[in-house]
Amino acid sequence: MLRSIRGATTVSNNDASKILEATGELINHIIRENALDISQITSIIFTCTKDLDKAYPAVSARKLGIIHAALICAQEMYVEGSLAMCIRLTISAEMDISQEEVKHIYLRGAKGLRPDITGASGSDFSVAIDGPSGVGKSTVAKHCAKELGFLYIDTGAIYRTFAYYCMESGIDITDQSQVDKIADTASIEVKFVNDRQIVYCKGIDVTGKIRSQLVADNTSKISTIASVRKRLVAMQQEFAKSQNVVMDGRDIGTVVLKDSPLKIYLDASAKIRAKRRSDELESMGQKADYQMILKEVIDRDHRDMNREIDPLKKAEDAVLIICDNLSASEVSAAICAIARKRMTLKRG
Ligand code: DC
């Protein structure tokens with residue numbers, strides 16, 4: 001029977017090789033996920049948003065050896081609020097499965113549907129992941145985002161960038177009035193390039209610099225301040241309006257995405273988390289003092305869980321996953337399975 005498979009991807013600029021590479025990646029992904037043979041494909045319709053015109057995406061299908069299928073490319077009408085630099089396609093293929101079993105694929109944050117089609121916002125699903133430091137949230141969230149075709153948003157990195165700004169600007173983070181004064185205006189920015197989150201402080205990319213222990217400790221302190229949380233929560237909610245996201249942090253299920261259809265709370269003992277952190281440092285050739293790391297983990301947990309505003313806690317409706325004896329891929333697979341089930345139910 002003839003079946004239709006949908007797919008979409010994005011590129012970071014209007015460049016011929018990027019358009020062809022991203023389209024080829026998308027077609028390959030669709031072929032793999034649906035166990036297709038290219039001889040089953042009868043036609044492909046490609047569309048590009050108006051900001052992409054340097055290459056016909058259909059060329060990448062020919063490059064993959066899809067020579068018998070009918071191909072056509074068209075430019076989309078511009079719709080306010082829709083994703084930029086997006087390539088969409090529909091593949092028609094002879095398949096032995098039902099239309100419901102077809103796997104549609106969205107890569108590089110292209111899950112956001114056109115607002116005219118969804119009726120309102122560009123997002124219709126999100127995954128909110130919370131848990132203490134070092135539990136593996138970001139690894140798991142990244143896996144899930146890739147697998148589901150959602151955008152991964154690391155909210156810890158946004159708090160870290162704010163702390164970095166304070167450090168660079170000579171703000172005394174123990175003096176709340178100093179932080180309150182700059183909370184709304186501090187020059188921090190977050191951008192997504194090819195699905196990778198880049199953070200800027202005063203216009204400079206500090207994505208790598210915010211990873212130090214000193215920044216982590218200061219972040220845990222500034223994240224207790226209401227004016228800081230107010231600005232950063234609003235920023236995070238704005239990102240999730242226009243696209244489907246996997247977001248990780250401490251207050252995602254309880255505050256930022258409190259209506260999220262899927263909330264996950266990851267937990268593991270402090271000892272296991274400290275051991276993983278010290279193994280990680282050692283594998284990078286750095287010295288690791290397990291006892292000190294354990295103390296830092298416990299101190300950070302205490303601060304994150306006992307602060308007055310938006311403390312780390314499991315949302316009542318969150319799924320609890322204890323990660324002590326599970327690998328990151330086992331945890332991600334479990335989350336993706338629940339997400340797929342809930343998406344099917346939600347979308348009918
Ligand atoms: O996840 P991380 O280690 O990068 O987070 C750094 C700090 O930021 C952490 O101590 C708590 C704080 N944080 C927060 O308060 N709320 C979030 N949504 C994310 C992080």
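Both counts, for ligands and for their atoms, begin at 1 and track the order of listing.
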**OP:** Check each atom of ligand 1 against the heavy atoms of Arg229 and keep those under 4.0 Å away; list them by number with element.
**Re:** 14 (C), 15 (O), 16 (N)
Original post:
Is the cationic atom of Lys202 (NZ for Lys, CZ for Arg) positioned less than 6.0 Å from the six-membered ring centroid of Tyr165 and within 45 degrees of its normal?
Top reply: yes
Original post:
In terms of residue, atom name and distance, what is the protein heavy atom nearest to atom 20 (C) of ligand 1?
Top reply: Gly156 CA, 3.6 Å
**OP:** Identify the protein heavy atom lying closest to atom 12 (C) of ligand 1, giving its residue, its atom name and the separation to 0.1 Å.
**Re:** Ser223 OG, 3.6 Å
Original post:
What part of Arg307, side chain, backbone, both or neither, has a heavy atom within less than 4.0 angstrom of ligand 1?
Top reply: side chain
Original post:
Is any side-chain heavy atom of Lys54 less than 4.5 Å from a side-chain heavy atom of Asp15?
Top reply: no
Original post:
Ion pair present between Arg340 and Glu147, side-chain N to carboxylate O less than 4.0 angstrom?
Top reply: yes
Subject >> Which residue and heavy atom of the protein sit nearest atom 8 (O) of ligand 1, plus the separation >> reply: Thr219 CG2, 3.3 Å
Original post:
So, are Arg273 and Asp301 salt-bridged, with charged N and O less than 4.0 Å apart?
Top reply: yes
**OP:** Write out the residue and atom name of the closest protein heavy atom to atom 18 (N) of ligand 1, then the distance separating them to 0.1 Å.
**Re:** Asp251 OD1, 2.8 Å
Original post:
Do NZ/NE/NH1/NH2 and the carboxylate oxygens of Asp154 and Arg211 come within less than 4.0 Å?
Top reply: yes
Original post:
Asp304 to ligand 1: N or O pair under 3.5 Å?
Top reply: yes
Original post:
If you measure every N/O of Thr155 against every N/O of ligand 1, is any gap under 3.5 Å?
Top reply: yes
**OP:** Go through ligand 1 atom by atom and flag the ones less than 4.0 Å from a non-hydrogen atom of Ser220.
**Re:** 10 (O)
Original post:
Among side-chain atoms of Arg196 and Tyr152, is any donor-acceptor pair under 3.5 angstrom?
Top reply: no
Subject >> Gap between atom OG1 of Thr219 and atom CG of Leu214 - 0.5 Å precision >> reply: 9.0 Å
**OP:** Could you name the option among Arg250, Arg300, Arg160 that has the heavy atom nearest to atom 14 (C) of ligand 1?
**Re:** Arg250
